[in-house]
2 protein chains.
Amino acid sequence: MRDSAQTTTLTIGKIARSAGVGVETIRFYEREKLLPEPARDPSSGYRRYTESTISRLQFIARAKELGFTLRETRELLDLRAGSATCGTLRSRAEEKLDDIRRRIQDLRRIEQALLTLSEACPGAGGLEACPILAALEGGFGDAG
Amino acid sequence: MRDSAQTTTLTIGKIARSAGVGVETIRFYEREKLLPEPARDPSSGYRRYTESTISRLQFIARAKELGFTLRETRELLDLRAGSATCGTLRSRAEEKLDDIRRRIQDLRRIEQALLTLSEACPGAGGLEACPILAALEGGFGDAG
DNA sequence: CTTGACTCTGTACCACGGTACAGGGTGTAG
DNA sequence: CTACACCCTGTACCGTGGTACAGAGTCAAG
């Protein structure tokens, strides 16, 4: 890496630190096609990145925060690169929204069931009369 | 299995069907200590179960429905078998309730963010002005 | 010239909750 | 007696999102 035309060569370690992810994670994303194969330094074989890879890593991180899986994130990245319309993106967002809401509903049913059981439990005494155990042993009806 | 003293021997396949799980799942639970090692038919080596194993499998299924992991479920089963009090059970339920509520909160933040983005998206036109893409590319503030 | 930090490839491993074989033996009905 | 369903053990594999090596090469500073 003696080519000083590039004042700062973006090695994998540098973009990892910039994007706040691990080096192994970047290589993993590359294998999983979330990142394109980067240019290589011809002499060392080291990966050479541009600033855009940092943005791409941040894109991935934000998609994760929005509940998208890596597979879905890859599709979003592909959409961005291709000839998608804004409507396609909105569809993806709405599908994910539905997904999230279903998961919230599932959790809410569980929350209600647990709340009911906790409140029914005296919290003292043996297990013979414990409503939580009774529910686990014999079912607890429909909690939704 | 020629011992006809037992009119119906509960083989692994039978309790699997009764409990609505797969045969492999039962052997997996046994390895994971959720089920005790059953008696064996001396001549064939086949596992021999009693009705109580079906209840135990249903216990596991209900604990799953309440959001307990297999590890936690194993602990619940151990509590049931040991000298636990009702209060211990209630604690487990309340801890799980907190866990579930945290997960709901996380999902709600995501829901809000996705909703905001979906509503902001015109749904037509190219990607240049898509707020969803903009959010993924540049962050979307705190969505909670 | 050596040392230490960095990078490379390849592979194995983690949790989670199972599922799917392969290659045997067993049990029962016709 | 044969066919077929069932059971056994052991091991590998699935998806999800990485993490952790080993063993080698490279780069920059002192």
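Just so it is clear: chains get the letters A, B, ... in the order the sequence lines come, proteins before strands, and each one is counted from 1.
For A:Glu32 and D:dT19, the CD to C1' distance is 14 Å, given to the nearest whole Å. Rounded to whole angstrom, the span from the CD1 atom of A:Ile26 across to the C1' atom of C:dT7 amounts to 12 Å. Going from atom NZ of B:Lys14 over to atom P of C:dG27 covers 12 Å, rounded to whole Å. Between the C1' atom of C:dC6 and the CZ atom of A:Arg48 lies a distance of 16 Å, rounded to the nearest Å. Between the P atom of D:dT26 and the CD1 atom of A:Ile12 lies a distance of 17 Å, rounded to the nearest Å. Atom pair B:Glu24:CD and D:dA12:C1' shows a separation of 12 Å (rounding to whole Å applied). Atom CZ of B:Phe28 and atom P of C:dC16 are 10 Å apart (whole Å). Separating the CZ atom of A:Phe68 from the C1' atom of D:dG17 is a distance of 17 Å, rounded to the nearest angstrom.
Set against D:dC8, C:dT19, D:dT19, the side chain of B:Arg47 has D:dC8 as its closest nucleotide. Among the nucleotides D:dA20, D:dC7, C:dT7, the one closest to any side-chain atom of B:Arg27 is D:dC7. Listed nucleotides: D:dG17, C:dG17, D:dC7. Nearest to the side chain of B:Lys64: C:dG17. Comparing atom distances between the A:Asp41 side chain and each of D:dT19, D:dC8, D:dC27 picks out D:dC27 as nearest.
Proximity of A:Thr25 to the phosphate of D:dT19: a side-chain N or O atom is located under 4.0 Å from OP1 or OP2. Between A:Ser44 and the phosphate of D:dC27, there is a side-chain N or O to OP1/OP2 separation shorter than 4.0 Å. Within the structure, every side-chain polar atom (N or O) of B:Ser43 is placed at least 4.0 Å from both OP1 and OP2 of C:dG25.
The base of C:dG25 lies close enough to the side chain of B:Tyr46 for a donor and an acceptor atom to sit less than 3.5 Å apart.
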The test is side chain to side chain contact (heavy atoms under 4.5 Å, CB included); show your working for B:Leu97 and A:Ile110 and say whether it passes.
CA-CA 8 Å; B:Leu97 185 54; A:Ile110 293 175; over 6 Å; no
Side chain to side chain contact (heavy atoms under 4.5 Å, CB included) between A:Arg56 and A:Arg80, intermediate numbers included:
CA-CA 11 Å; A:Arg56 202 171 167 101; A:Arg80 186 174 68 153; 4.0 Å; yes
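No option in B:Arg92, B:Lys96, B:Glu95 other than B:Lys96 meets the side chain to side chain contact (heavy atoms under 4.5 Å, CB included) test with B:Glu72.
Between B:Leu76 and B:Leu89, the shortest heavy-atom contact is CD2-CD1, 4.2 Å.
Mapping A:Gly45 and A:Arg31 onto DNA chain C via the closest heavy atom, the residue that lands nearer the 5' end is A:Gly45.
A:Thr88 and A:Ser91 share no side-chain donor-acceptor pair at under 3.5 Å.
Looking at heavy-atom distances under 4.0 Å, B:Arg71 makes contact with sugar-phosphate atoms alone, never a base.
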